[in-house]
Amino acid sequence: MRKIALILFLTTFSLFAQNETETCEILSKINTLIQSEHIYPKPIDDSLSVFIFDNFINELDPSRNIFLKSEYETLSKKYRLHIDDFINAKNCSFLPEIIAVYKNDLSRNKSFLEKINNLDIDYELKDTVRFYKKHFPFYLQENQVEKVLTKKIKYEILNDVASKHKNLDSIKTNFKTLELTSKKAIIENELCKINTLLQKETDYSENIFNYFCNYFDPHTRYFNINAKSSFLASLSKEHLSLGMNVSLNEKKEIIVYELNPNGPAFQTGKIKKGDQIVSISNLKETVDVSCATLDLISNMITSDTNKKIKLTLKRTPGKIFDVLVEKQLLKDEENTVYSFIIEHKNEKFGYIKIPSFYTDYDRNSGKGCAEDAALEALKLQKDNIKGLIIDLTDNGGGSIDEAIKLAGMLIDSGPISIITDNKKIQMAINDPYEGMIYKDPIVLLINSNSASASEFFASIMQDYNRALLIGTSTIGKATMQTILPLEKDKNNIFIKLTINKFYRITGKSDQAVGIIPNVHLPELFETIYSKEINSPTAFKNDSLLVNLEFKPYSDDTFVQKIAKESMERVAVNSYFNEIKNLNSKLENILKQPKPPMPLTIDVFFKEQKELNFLWEDIHAFDSKTNGLDIHNSNLNQFLLTLYPLEKTTNQFQLETLKKNHYLNEAITILENYNSKK
């Protein structure tokens with residue numbers, strides 16, 4: 001027995017040493033690549049140590065109920081200011097030591113949770129829970145662990161019971177039964193999560209790689225081959241897919257929500273809408289979805305390297321079965337440009353939605369969003385439209401090349417942007433095309449989720465007065481990334497690296513401030529969206545001295561007059577004022593400091609009731625229609641007869657658009673343009 005134990009110890013030590021060496025080698029190569037190619041490389045010093053240590057510890061223990069205060073202080077003293085020294089010395093022993101403490105504490109918590117599961121929780125005991133908007137100090141003492149975990153479970157039980165039942169008297173009458181059911185499910189789920197973390201050989205080095213990259217800016221990051229393929233697939237309108245959508249039900253189970261009739265999941269003939277997904281396997285490892293993170297589940301399903309997926313499904317009344325599904329290349333309808341006609345006062349206006357600036361990275365078709373948008377614009381012009389609305393709301397960016405092409409199609413000629421690199425070289429980008437595919441007025445919709453290539457395109461349209469921008473300020477990302485292999489002769493590790501910044505033709509930058517629309521239209525949740533400026537490593541805003549000549553589409557006075565009249569209408573519009581009112585209520589809940597909360601069912605029920613009222617108000621408000629006459633262009637209507645399977649997606653897009661109240665103001669602006677020009 002002693003011999004086996006010794007061999008086991010030596011084997012474990014050897015593996016740790018091997019992983020430490022490999023981790024340090026990869027970090028060294030990442031640093032070499034960043035120092036050479038990154039637009040703003042920084043030295044490896046104590047600031048990097050603090051950034052990596054704090055972020056890693058916060059990720060492992062965000063609720064401060066795993067690490068003891070004494071353990072955190074020991075680890076902090078040893079590593080918080082010295083990770084840079086360890087990396088430079090090619091010694092990454094800090095990682096296995098932190099993980100060893102972490103897993104030991106997880107095992108300790110597991111034992112206490114198993115004990116709590118067999119004991120009654122005292123709901124007469126007066127307890128309170130405090131809330132913090134940001135990470136708070138480590139406070140946990142060894143003799144407090146059981147108490148803290150009991151309070152955590154107590155909080156989750158009360159929250160669960162209060163959220164699932166609408167009558168307080170009924171809850172109190174049946175509390176013992178409801179509490180037992182909730183307690184069993186919550187503790188089982190907690191134990192399942194801990195067992196997953198303890199049993200799965202998670203490669204925590206990837207977390208360190210990403211924090212190392214993020215230290216230089218929020219968009220530089222580490223990619224393994226799976227992450228790279230998933231990222232590129234997200235920027236394409238066609239990718240390998242199971243052909244099904246899933247959702248969470250009220251029990252937080254993952255349910256098959258929709259099946260694509262052209263997709264492989266539907267074609268198995270075994271999977272039905274409403275089936276519960278119990279586990280997912282890529283034939284190498286299996287994920288139990290009941291206690292896995294949504295990120296892990298998503299990565300397992302979406303990664304292009306996982307071409308065959310085995311789903312374990314459950315169907316009422318309790319039948320459990322396995323289905324093997326092989327992914328197929330499918331068109332991503334949610335990531336594809338589409339268009340509609342909007343009729344108002346006997347005039348027709350065009351609407352084009354660009355969900356992202358996707359491109360054909362594999363060069364199979366050569367088509368990207370610019371060509372697709374141009375095609376939709378030509379279809380709309382066949383119906384004699386008097387103005388065009390281009391919708392970039394929730395467009396997170398994509399290919400800058402596609403943004404350049406589309407901008408070039410909509411302005412006549414001239415410079416469109418300035419790019420800088422790590423050598424401070426300035427390069428002007430010019431319109432790649434002569435002339436315009438569309439010459440009449442344009443209104444551009446942007447919002448708090450429009451980013452990167454969207455901002456690049458929107459700034460060109462605004463500087464040329466080619467479009468009037470309406471909506472809310474954008475994210476504020478004015479940087480460009482490229483994906484580079486860590487080693488030239490190997491294609492299994494990559495770095496998405498920030499190599500350029502882009503500036504407007506005026507020399508101004510939208511970095512960290514975003515695109516400011518000509519007319520601000522209030523948007524639900526706009527004050528709680530995360531922006532570029534919220535990231536601690538985001539680049540600051542700056543500007544360039546430039547002297548580029550360009551000819552705007554309209555003069556500033558004309559545009560300002562149109563914008564001023566629009567702002568006056570928006571100020572008295574009941575719909576937009578109601579958004580302001582709802583945003584104010586949301587801010588009170590999400591941003592204002594929350595007082596300590598007593599752990600009683602009365603308090604939880606009252607809070608859930610107030611939240612339910614607010615969400616009901618938001619849902620009712622969000623379901624109002626705009627009263628506009630919206631339909632397909634003649635050519636798209638004809639194409640639907642040739643491709644009837646696209647009718648479902650088309651109808652969903654149409655119904656969504658009929659609830660978009662920003663179109664009313666966009667149409668009024670276009671009518672104003674036409675009457676004044």
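Heavy atoms only: backbone and side chains are in, while hydrogens, waters and symmetry mates are out. Along the sequence shown, residues carry numbers from 1. Computed from a predicted model, the values in this text were never measured in an experiment.
- Taking the six-membered ring wherever Trp is involved, the centroid distance between the rings of Y662 and F576 falls below 6.0 Å.
- Every side-chain hydrogen bond (donor to acceptor under 3.5 Å, both in side chains) that N282 has, sequence neighbours left out, goes to N306.
- Using a 4.5 Å heavy-atom threshold, the side chains of I418 and V546 count as touching.
- The salt bridge (Lys or Arg N to Asp or Glu O under 4.0 Å) contacts involving residues 508-519 comprise R504-D510, where partners must be two or more places apart or lie in separate chains.
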Residues D217, Y40; criterion side chain to side chain donor-acceptor pair (under 3.5 Å); working and verdict: CA-CA 9 Å; D217 75 276; Y40 292 144; over 6 Å; no
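- S566 is linked by a side-chain hydrogen bond (donor to acceptor under 3.5 Å, both in side chains) to E665, counting only residues two or more places apart in sequence or in another chain.
- Atom NZ of K307 has 12 or fewer neighbouring heavy atoms from other residues, nucleotides or ligands inside a 6.0 Å radius.
- Using a 4.5 Å heavy-atom threshold, the side chains of I515 and M461 count as separate.
- F525 meets the ring pair (Phe, Tyr, Trp, His ring centres under 6.0 Å) test with no other residue; sequence neighbours excluded.
- The shortest side-chain heavy-atom distance between Y464 and I505 falls under the 4.5 Å cut-off.
- Legend: residues meeting side-chain hydrogen bond (donor to acceptor under 3.5 Å, both in side chains) with E565, ordered by chain and number and at least two apart, are N672, K676.
- Judged by distance alone, the side chain of E455 and the main-chain N or O of K477 form a donor-acceptor pair under 3.5 Å.
- Considering only residues two or more places apart in sequence or on other chains, E568 meets the salt bridge (Lys or Arg N to Asp or Glu O under 4.0 Å) condition with K564.
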Derivation and outcome, side chain to side chain donor-acceptor pair (under 3.5 Å), residues E526 and S448: CA-CA 6 Å; E526 69 176 276; S448 304; 5.2 Å; no
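- Checked by atom type and distance alone, the side chain of E371 never pairs as donor or acceptor with a backbone atom of K405 at under 3.5 Å.
- V325 has its side chain out of reach of M244: every pair of non-hydrogen atoms, C-beta onward, lies at least 4.5 Å apart.
- A donor-acceptor pair shorter than 3.5 Å can be found between the side chains of N465 and D556.
- To the nearest 0.5 Å, atoms CG (N573) and CD (E578) are separated by 11.0 Å.
- Side-chain N or O atoms of K353 include one that pairs as donor or acceptor with a backbone N or O of T393 at under 3.5 Å.
- Sorted by first and then second residue, the side-chain hydrogen bond (donor to acceptor under 3.5 Å, both in side chains) pairs with a member in residues 411-434 form an empty list; sequence neighbours excluded.
- Take D440 and apply the salt bridge (Lys or Arg N to Asp or Glu O under 4.0 Å) test, not counting sequence neighbours, and it matches K677.
- With Y529 contributing its side chain and I475 its backbone, the two residues share no donor-acceptor pair below 3.5 Å.
- Looking at N534 and K531, their side chains come closer than 4.5 Å, going by heavy atoms from C-beta outward.
- Using a 4.5 Å heavy-atom threshold, the side chains of Y338 and E646 count as separate.
- Between the side chain of T472 and the backbone N or O of E523 there is no donor-acceptor pair closer than 3.5 Å.
- Heavy-atom contacts from other residues, nucleotides or ligands closer than 6.0 Å to CD1 of I533 number 12 or fewer.
- When side chains are defined from C-beta on, T498 does not count as touching F216, because their heavy atoms never get closer than 4.5 Å.
- Two residues are said to be in side-chain contact when any heavy atoms from C-beta on lie closer than 4.5 Å; L670 and K386 fail this criterion.
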I579 and F621: CA distance, side-chain angles, deciding distance, side chain to side chain contact (heavy atoms under 4.5 Å, CB included) verdict: CA-CA 9 Å; I579 288 180; F621 175 78; 3.4 Å; yes
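- Without hydrogens or angle criteria, N447 side chain to S450 main chain gives a donor-acceptor distance under 3.5 Å.
- Formation of a donor-acceptor pair under 3.5 Å by the N664 side chain with backbone atoms of N626 is found in this model.
- Sequence neighbours left out, not one pair with a member in residues 619-642 passes salt bridge (Lys or Arg N to Asp or Glu O under 4.0 Å).
- Under the rule for a side-chain hydrogen bond (donor to acceptor under 3.5 Å, both in side chains), the partners of S339 that lie at least two apart in sequence or sit in another chain are E376, N636.
- Heavy-atom neighbours of F652 CZ from other residues, nucleotides or ligands within 6.0 Å: at or below the threshold of 12.
- One finds the CD1 atom of I342 at 9.5 Å from the CG atom of L388 (value rounded to the nearest 0.5 Å).
- Residues that satisfy the salt bridge (Lys or Arg N to Asp or Glu O under 4.0 Å) test with K327, not counting sequence neighbours, are absent from this structure.
- N541 places no side-chain N or O within donor-acceptor distance of the main-chain N or O of A512, the cut-off being under 3.5 Å.
- Not a single salt bridge (Lys or Arg N to Asp or Glu O under 4.0 Å) links E532 to another residue, sequence neighbours left out.
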